[in-house]
Visitor: 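Have a look at the structure that comes next, please.
Within every chain, numbering begins at 1; the chains are lettered A, B, ... in the order of the sequence lines, protein sequences first and strands thereafter.
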Amino acid sequence: MPELPEVETMRRGVLAIVGGRITAVERVPCAVRPIAVRPRVDAFRRRAVGRIVAAVERLGKRVVLRLDNADAIVFEPRMTGLVLLADPPDREHLRFRLRLRGVRNRELLYWDQRGLGSVRMFRPAELDAALGSGTLGPDALNVTAAQLRDRLRTVRRPVKVALLDQHLLAGVGNLYASEILHVARIHPTQRCHRLTEAAWRRLHTALRSVLEEAIRYEGSTLADGTYRNVLNDPGGYQNHHRVYDRAGELCPTCRRVPIQRIVQAQRSTFFCPQCQGRTR
DNA sequence: CCCCAGTCCTGCGGGC
DNA sequence: TGCCCGCAGGACTGGG
């Protein structure tokens with residue numbers, strides 16, 4: 001479930017290793033099936049060892065280590081992946097390790113319970129082809145109101161489903177899509193091409209405010225969730241969710257109507273039928 | 001292009 | 001108590 005706020009929190013934590021030199025690359029033997037690492041570990045090691053971590057960036061829901069030769073190491077956590085500078089939650093799901101010299105943290109770990117995530121290394125042109133602006137939409141934290149509207153206004157899909165499409169907008173996942181639409185007072189089944197100018201402005205404002213608020217709380221750690229920051233501490237935004245996983249509870253805004261759960265594109269959506277309109 | 005269903009994966013909780 | 005099934009969803013694939 002790491003989405004933009006969780007991955008941004010990871011990125012900020014990983015900044016502590018900028019300036020460090022990579023001394024070793026290991027795929028950690030774990031109790032469960034191995035995750036995807038590309039290229040194969042021996043080639044990965046040849047290219048990474050000796051390089052200095054020059055910057056830590058975020059591309060949508062991925063953490064990118066930019067090396068001093070412009071190559072990039074990309075961690076993609078998907079559902080349960082964690083990038084850690086501290087002890088992992090357990091040993092059996094520890095997947096990958098970079099050892100470092102010249103910085104206080106001597107290793108960076110990748111831990112992934114379900115193993116849907118990956119660690120990949122790219123040359124600059126490969127990174128652009130795989131995750132550049134031709135593939136990934138504008139970042140949800142930096143997109144302007146005009147960019148957001150222009151990018152989505154011809155889409156015929158429901159706005160909740162469109163917000164999950166990383167080719168249209170990068171960073172929003174299932175949890176924050178519901179939260180953002182609630183703050184924006186837009187019904188999740190409303191189709192993008194039918195949204196008014198006022199709705200686009202509300203959506204843009206809500207996008208910024210919800211994501212920034214969630215980053216301030218270092219993301220969401222659900223009851224059954226695994227998300228932790230780089231020090232293996234949970235986030236705090238789950239205590240501030242307005243609608244996500246709160247079906248049946250009274251809407252925190254109107255305090256009159258219970259929050260409703262529906263399924264869109266095989267994913268749960270939560271909303272307030274009162275605050276988010278009944279006309280769609 | 002657009003959209004949906006199926007797939008990967010593990011752990012958990014409901015139902016019997 | 002134990003077992004099975006369904007569910008959680010990010011990103012990708014194949015099909016209509």
Visitor: For the pair made of CG in A:Asp165 and C1' in B:dC4, what is the distance, rounded to whole Å?
Guide: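 Rounding to the nearest Å, CG of A:Asp165 and C1' of B:dC4 are 13 Å apart.
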
Visitor: Contact between A:Met10 and A:Pro77 at the side-chain level, heavy atoms closer than 4.5 Å - yes or no?
Guide: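 Answer yes - side chains close enough.
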
Visitor: Heavy atoms under 4.0 Å, any strand shown: does A:Ser268 hit a base, just sugar-phosphate, or nothing?
Guide: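 Sugar-phosphate: the residue A:Ser268, judged by heavy atoms under 4.0 Å, touches backbone atoms but no base.
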
Visitor: Would A:Arg216 and A:Glu213 count as a salt bridge (charged side-chain N to carboxylate O under 4.0 Å, His left out) here? Give the steps.
Guide: CA-CA 5 Å; A:Arg216 279 201 296 281; A:Glu213 186 183 15; 5.2 Å; no

Visitor: Scan A:Gly173 against the nucleic acid and name what it touches under 4.0 Å (heavy atoms): base, sugar-phosphate only, or nothing.
Guide: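 Sugar-phosphate: the residue A:Gly173, judged by heavy atoms under 4.0 Å, touches backbone atoms but no base.
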
Visitor: Atom CD1 of A:Ile35 and atom P of B:dC9: how far apart are they, to the nearest Å?
Guide: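 Checked: the CD1 to P distance equals 13 Å.
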
Visitor: Nearest whole Å is fine: how far is B:dC2 P from A:Gln264 CD?
Guide: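 One finds 18 Å between P of B:dC2 and CD of A:Gln264, rounded.
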
Visitor: Between B:dC3, C:dG10, B:dG6, which nucleotide gets closest to the side-chain atoms of A:Arg156?
Guide: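 Looking only at side-chain atoms, A:Arg156 lies closest to B:dC3.
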
Visitor: Students often get this wrong, so: under 4.0 angstrom with heavy atoms, is A:Arg95 touching a base, only sugar-phosphate, or nothing?
Guide: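 Touches nothing.
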
Visitor: Any idea which of B:dC3, C:dG9, B:dA5 is nearest the A:Arg114 side chain?
Guide: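 Of all the options, the side chain of A:Arg114 is nearest to C:dG9.
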
Visitor: Any side-chain donor-acceptor pair under 3.5 Å between A:Gln113 and A:Thr226?
Guide: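 No.
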
Visitor: Taking only residues at least two apart or on different chains, which pairs with a member in residues 138-152 of chain A satisfy salt bridge (Lys or Arg N to Asp or Glu O under 4.0 Å)?
Guide: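 Salt bridge (Lys or Arg N to Asp or Glu O under 4.0 Å) check on residues 138-152 of chain A returns A:Arg58-A:Asp139, A:Arg149-A:Glu197, A:Asp150-A:Arg153.
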
Visitor: Can you tell me if the side-chain N/O atoms of A:Tyr227 get under 4.0 Å from OP1 or OP2 in C:dA8?
Guide: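 Looking at the OP1 and OP2 atoms of C:dA8, neither is under 4.0 Å from any side-chain N or O of A:Tyr227.
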
Visitor: Atom CE of A:Met79 to atom P of C:dG9: distance rounded to whole Å?
Guide: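 Answer to the nearest Å: 6 Å.
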
Visitor: Over how many whole Å does the gap from A:Gln113 atom CD to B:dG11 atom P extend?
Guide: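 Going from CD in A:Gln113 over to P in B:dG11 covers 5 Å.
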
Visitor: Decide if the gap between the ring center of A:Tyr227 and the ring center of A:Tyr237 is smaller than 6.0 angstrom.
Guide: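 Between A:Tyr237 and A:Tyr227, which both carry aromatic rings, the centre distance is not below 6.0 Å.
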
Visitor: Quick one, A:Glu218 with A:Arg12, criterion salt bridge (charged side-chain N to carboxylate O under 4.0 Å, His left out). Give me CA distance, side-chain angles, the key distance, then yes/no.
Guide: CA-CA 10 Å; A:Glu218 301 204 328; A:Arg12 294 179 184 188; over 6 Å; no

Visitor: Looking at every strand, decide which applies to A:Tyr176 at a 4.0 Å heavy-atom threshold: base, sugar-phosphate, or nothing.
Guide: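 If one applies the 4.0 Å heavy-atom cut-off, A:Tyr176 turns out to touch nothing in the nucleic acid.
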
Visitor: One character per nucleotide, please: for nucleotides 11-16 of chain C, 5' to 3', B when the base has a protein heavy atom closer than 4.0 Å, S when only the sugar-phosphate does, - otherwise.
Guide: B-----

Visitor: Output yes when a side-chain donor or acceptor of A:Ser209 lies under 3.5 Å from a complementary backbone atom of A:Ala206, and no otherwise.
Guide: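 Side chain of A:Ser209 to backbone of A:Ala206, a donor-acceptor pair under 3.5 Å: yes, one is there.
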
Visitor: For B:dG11, take OP1 and OP2 only and decide whether either is under 4.0 Å from a side-chain N or O of A:His93.
Guide: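 Checking B:dG11 against A:His93, a side-chain N or O does come within under 4.0 Å of OP1 or OP2.
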
Visitor: Please report, rounded to the nearest Å, how far the P atom of B:dT7 is from the CD atom of A:Gln266.
Guide: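 To the nearest whole Å, that distance equals 11 Å.
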
Visitor: Taking atom P of B:dT10 as reference, at what distance in whole Å does atom CG of A:Leu222 sit?
Guide: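 Computing the A:Leu222:CG to B:dT10:P distance gives 20 Å.
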
Visitor: Just how far, in rounded Å, is C1' of C:dC7 from CG of A:Leu116?
Guide: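 Atom CG in A:Leu116 sits about 14 Å away from atom C1' in C:dC7.
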
